[in-house]
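This report refers to the structure that appears directly beneath it.
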Amino acid sequence: MIGLLLGYISSNQLLARLGIFIGRGAICPLIIVLFVLPELLIVFSSVLPAAAACDGTNTKKEEVVYVNLNGDGSVKESTIRLMNF
């Protein structure tokens, strides 16, 4: 933004062109980050998790602990189960 402002108010031709180039260089990535990248994430959201899970390294495992207590609050029995997703 400052570069574009410099480009429009500067009387020196070299500084004006440099300001316009800097302004364009700042606005183009801003538009890409705000509009293009979120759309790409939406489009490829169904493909990316499936591709990551295919190699077998990203399998999710969850450990569940079941505990039975006595009347006084002490542990009577505990069971641990591993669940793969």
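Note that the structure is predicted; figures quoted are calculated from it, not measured.
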Donor-acceptor contacts, no H, no angles, side chain residues 69-81, under 3.5 Å, sequence neighbours left out:
residue: Asn70; atom: ND2; partner: Ser74; partner atom: OG; Å: 2.9
residue: Asp72; atom: OD1; partner: Ser74; partner atom: N; Å: 3.2
residue: Asp72; atom: OD1; partner: Ser74; partner atom: OG; Å: 2.9
residue: Glu77; atom: OE1; partner: Asn68; partner atom: ND2; Å: 3.2

* Between Ile42 and Phe35, is there a shared hydrophobic cluster once you connect ILVMFWY residues whose side-chain heavy atoms come closer than 4.5 Å? -> no

Under a side-chain separation threshold of 4.5 Å, the hydrophobic residues clustered together with Leu15 are none

Requested in this report: Indicate, with yes or no, if Leu14 and Leu18 share a hydrophobic cluster defined by side-chain heavy-atom contacts under 4.5 Å among Ile, Leu, Val, Met, Phe, Trp and Tyr.
Outcome: no

For residues Phe21 and Ile32: do they belong to one hydrophobic cluster (side chain heavy atoms under 4.5 Å, members Ile, Leu, Val, Met, Phe, Trp, Tyr)? no

- Message: Could you see if Val33 belongs to whatever hydrophobic cluster contains Phe44? Use Ile, Leu, Val, Met, Phe, Trp, Tyr and a side-chain cutoff under 4.5 Å.
- Response: yes

